[in-house]
K.L.:
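Just passing along the structure, written as structure tokens.
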Amino acid sequence: MSIRWGGEGGEPRSVEQHQADAVGLARPLARVELPLLDALGTALCTDVVAPWSLPSFDNSAMDGYALRSQDVRVAGNSDAVRLKVVGDVAAGRAGGASSGTVEPGSCVRIMTGAPIPLGADAVVPVEWTDAGMDHVTVTMPCESGSNIRRAGEDVAAGDVVLRAGTRVGPSQVALLASVGMGRVGVHRRPRVAVVSTGSELVEPGGQIHRGEIADANSLALASAVSASGAEAIRLEHLPDDPIEVFEALGRLAAEADVIVTSGGVSMGAFDVVKQAFASYDGVRFVRVAMRPGMPQAIGMLGDDRDVLYFGLPGNPVSARVSFELFVLPAIRTMLGYSSVFRPFVAARAASDLRSSPGKIEYLRGRLDAGVDPAVFVPVGGRGSHLIAGMAGANALGVVPEHEVSVAAGARIMVLPLSGEEWG
Ligand code: AMP
Ligand code: MG
């Protein structure tokens, strides 16, 4: 697989260039057939065609009485119409002649979803009647076709109801089930291995000594992987030992489709990932013109060079933002989604915002989309170690390279951080 690399030492790469590299290295994975519930969060690998219409037969939209609309033409408050009830039909019954035929002056008691009996052209809701059993009094007139759900008004047999690349969520499951599918063909979920590097890291819940910190990234990244629809494999953190890191990643490459590490990719003396891949030509270290998250590594690992690798910076906010921008679109490409980049939302800045020159700045904040126009409220500071601010944010406000500030009330593009349901 070949990519044109840049940004090593020289000019930083743009976010768009690095995103294009990430997505360009990813391929949709093989087809698998899954029971509907197991397919949640995956994407369809082929168009789905309806074998039958929806509704598949004319049926009642109400609990009431199926009748001939002309029989109740004169029904009104002073002039009620009395009809003989000749049958009963509930949802699940075959309908037709078995539930009684509606002749002039008669009707059939009907429940929501039940087939419309022969001879009837409308349903009056039970609320417009005295709810009689042998005879019923109808107090209001209705038009022909009232409260009848017509066969095929939702979907016609042979229609493409869902396109390849559509995410399977609750509403898609409802449609797939309705057209008779118990299983569905989707792209296999990528297995994404997540590893933190850093000799200062301690497994969360363990004893922490001075100078040590809890490993936040591998859990945060594994959570983001699971939310994306992929399968997370989490390894406990690795120490800053290049040989250990290189060997561990080599072993992981045998079972993963994607490997994501955090830490050890910048300019420090112990940048372990950089050292680990010093004599390996499948991984490149680049600088991306963004804040947070400037240093990035990307490449292919494994004997066949078919395992996508992301080396994210170690600061928790940098790692989280880098995942959103680069890893998530690559995972979605592997899942076969037709839409891989999160859509921006336009909002107004709630206060004056500052940003670094020459870099895209991703500011943590809260998007309030319940007002028009939507408002972006910054949360916490800009430091990439400020985990609490990140936890209070539900969105990133994006300030382009050439801007150094956004005035209160000015327009800002915002990337929501929650929900994977777009596309
Ligand atoms: P690095 O990119 O390895 O130089 O790390 C940058 C900063 O992020 C340092 O302060 C690290 O201690 C911190 N850091 C690295 N990995 C993690 C992690 N897994 N969880 C929390 N903080 C981390
Ligand atoms: Mg480190």
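Counting starts at 1 for both ligands and their atoms, in listed order. Atoms considered below: every heavy atom in the structure, side chains included; atoms not considered: hydrogens, waters and symmetry mates.
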K.L.:
Give me the nearest non-hydrogen protein atom to atom 20 (N) of ligand 1 as residue plus atom name, then the distance to 0.1 Å.
P.N.:
A216 N, 3.0 Å
K.L.:
Check whether any heavy atom of S318 sits under 4.0 Å from an atom of ligand 1.
P.N.:
no
K.L.:
Going through the distances and angles, do L29 and D257 end up as a side chain to side chain contact (heavy atoms under 4.5 Å, CB included)?
P.N.:
CA-CA 9 Å; L29 298 183; D257 301 297; 4.0 Å; yes
K.L.:
In Å, rounded to the nearest 0.5 Å, how long is the span from CE of M62 to CZ of R149?
P.N.:
9.5 Å
K.L.:
Are L325 and Y362 close enough, and set up right, to give a side chain to side chain contact (heavy atoms under 4.5 Å, CB included), and what steps lead you there?
P.N.:
CA-CA 10 Å; L325 296 176; Y362 294 90; 3.5 Å; yes
K.L.:
Report, in ascending order of atom number, the atoms of ligand 1 lying under 4.0 Å from any heavy atom of A214.
P.N.:
20 (N), 21 (C)
K.L.:
Using a strict 4.0 Å cut-off to heavy atoms of S196, name the atoms of ligand 1 that fall inside it.
P.N.:
19 (N)
K.L.:
Under a 3.5 Å cutoff, is there a donor and acceptor pairing between the side chains of R354 and S405?
P.N.:
no
K.L.:
Check whether any side-chain N or O of T129 sits under 3.5 Å from a backbone N or O of P125 as a donor-acceptor pair, and report yes or no.
P.N.:
no
K.L.:
Judged by atom type as modelled, is there a donor-acceptor pair below 3.5 Å linking the side chain of N315 to the main-chain atoms of V317?
P.N.:
no
K.L.:
Students should be able to answer this: which protein heavy-atom is nearest to atom 19 (N) of ligand 1, and at what distance?
P.N.:
D215 OD1, 2.8 Å
K.L.:
Nearest heavy atom to atom 11 (C) of ligand 1 wins, so pick from H237, E200, H385.
P.N.:
E200
K.L.:
Would you say ligand 1 has an N or O under 3.5 Å from any N or O of N315?
P.N.:
yes
K.L.:
If you measure only the distance, is there a donor-acceptor pair under 3.5 Å linking the side chains of S418 and N394?
P.N.:
no
K.L.:
Tell me whether G198 reaches ligand 1 (any heavy atom closer than 4.0 angstrom to a ligand atom).
P.N.:
no
K.L.:
Any donor-acceptor pair under 3.5 Å linking the side-chain atoms of Q172 with those of T166?
P.N.:
no
K.L.:
Counting from 1, what ligand 1 atoms have a heavy atom of G264 closer than 4.0 Å?
P.N.:
1 (P), 2 (O), 3 (O)
K.L.:
List the steps and the verdict of side chain to side chain donor-acceptor pair (under 3.5 Å) for D215 and S196.
P.N.:
CA-CA 7 Å; D215 169 17; S196 292; 2.8 Å; yes
K.L.:
Is it the case that the ring center of Y309 lies less than 6.0 angstrom away from the ring center of F277?
P.N.:
yes
K.L.:
Measure the distance from atom 18 (C) of ligand 1 to every protein heavy atom, then report the residue, atom name and distance (to 0.1 Å) of the closest one.
P.N.:
N217 ND2, 3.3 Å
K.L.:
Where on P316 is there a heavy atom closer than 4.0 Å to ligand 1, on the side chain, on the backbone, on both, or on neither?
P.N.:
side chain
K.L.:
With backbone taken as N, CA, C and O and side chain as the heavy atoms from C-beta onward, which portion of L201 lies under 4.0 Å from ligand 1: side chain, backbone, both, or neither?
P.N.:
side chain
K.L.:
Mark up the atoms of ligand 1 that fall under 4.0 Å of a heavy atom belonging to I213, in ascending order.
P.N.:
12 (O), 21 (C), 22 (N), 23 (C)
K.L.:
Among protein heavy atoms, which lies nearest atom 13 (C) of ligand 1, and at what distance?
P.N.:
G314 O, 3.8 Å
K.L.:
Report the part of V272 in contact with ligand 1, treating N, CA, C, O as backbone and CB onward as side chain, heavy atoms under 4.0 Å; options are side chain, backbone, both, neither.
P.N.:
neither
